[in-house]
Student: 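Please see the structure below; I have some questions.
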Amino acid sequence: MNYWLVKSEPTAYSWDELLKDGSTSWTGVRNYAARNHMRAMKKGDHVFFYHSNEGKEIVGLTKVAKEFYSDPTAPGEDWSVVELAPVKTFKKTITLTQIKEDKRLKGMWLVKQGRLSVMPVTADEYERILELSK
DNA sequence: GCCAACGTTGGC
DNA sequence: GCCAACGTTGGC
């Protein structure tokens, strides 16, 4: 299994909305690096959900419910979406500050390349985040 | 194919 | 609201 992280501004689409919806297709990604990461996702892969701008914290864990297909919001263009479904809401959210201060997490793409909206997470980072979320 | 200009994202 | 980082666009 591979691990990932997606970002969303809670004013655009929040964790609570995802819980309410049961699943969502991750539309609107218009960045090649992010798109390619989505295309590499396999069904069942675990994906952290991060709130950017407001909150700046990882709020929960999702999984890939459906592998990539053409983004319906960009007909005729070469963009992709995946479908994500919630797995669990974190008891403790993990803030960006915590991530930057944590020895095992400070190397994350989230810190190094702030603007990327879909990114891979290593197995070690994955375990550490789950540990901190309890 | 290089690189300057510009737009967007996101942390502070 | 500002600004740094970085991706994209377009002129040459």
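Letters A, B, ... mirror the listed sequences (proteins, then strands); counts begin at 1.
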Student: Would you sort out whether A:Val121 and A:Phe48 count as a side chain to side chain contact (heavy atoms under 4.5 Å, CB included), showing the intermediate values?
Tutor: CA-CA 9 Å; A:Val121 171; A:Phe48 291 115; 4.1 Å; yes
Student: Under the side-chain contact (heavy atoms from CB on, under 4.5 Å) rule, collect the residues that match up with A:Lys100, sequence neighbours excluded.
Tutor: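 For A:Lys100, the residues satisfying side-chain contact (heavy atoms from CB on, under 4.5 Å) (neighbours in sequence not counted) are A:Leu96, A:Val111.
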Student: Starting from the C-alpha separation in whole Å, work towards a yes-or-no answer on side chain to side chain contact (heavy atoms under 4.5 Å, CB included) for A:Ile94 and A:Ser133.
Tutor: CA-CA 7 Å; A:Ile94 293 124; A:Ser133 73; 3.8 Å; yes
Student: Verify the ring-centre separation between A:Trp26 and A:Phe49: is it less than 6.0 angstrom?
Tutor: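 Centroid separation for A:Phe49 and A:Trp26: below 6.0 Å.
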Student: Sort me out a list of protein N/O and nucleotides 5-12 of chain B N/O pairs below 3.5 Å, or just none if empty.
Tutor:
| from | atom 1 | to | atom 2 | distance (Å) |
| --- | --- | --- | --- | --- |
| B:dG7 | N2 | A:Arg115 | NH1 | 3.2 |
| B:dT8 | O2 | A:Arg115 | NH1 | 3.3 |
| B:dT8 | O2 | A:Arg115 | NH2 | 3.0 |
| B:dG11 | OP1 | A:Tyr50 | OH | 3.0 |
| B:dG11 | OP2 | A:Asn53 | N | 3.0 |
| B:dC12 | OP1 | A:Lys100 | NZ | 2.5 |

Student: I'd like to know whether A:Leu105 forms a side chain to side chain contact (heavy atoms under 4.5 Å, CB included) with A:Leu132, so could you lay out the CA-CA distance, the side-chain angles of the two residues, the decisive distance to 0.1 Å, and finally the verdict.
Tutor: CA-CA 11 Å; A:Leu105 298 180; A:Leu132 291 172; 3.8 Å; yes
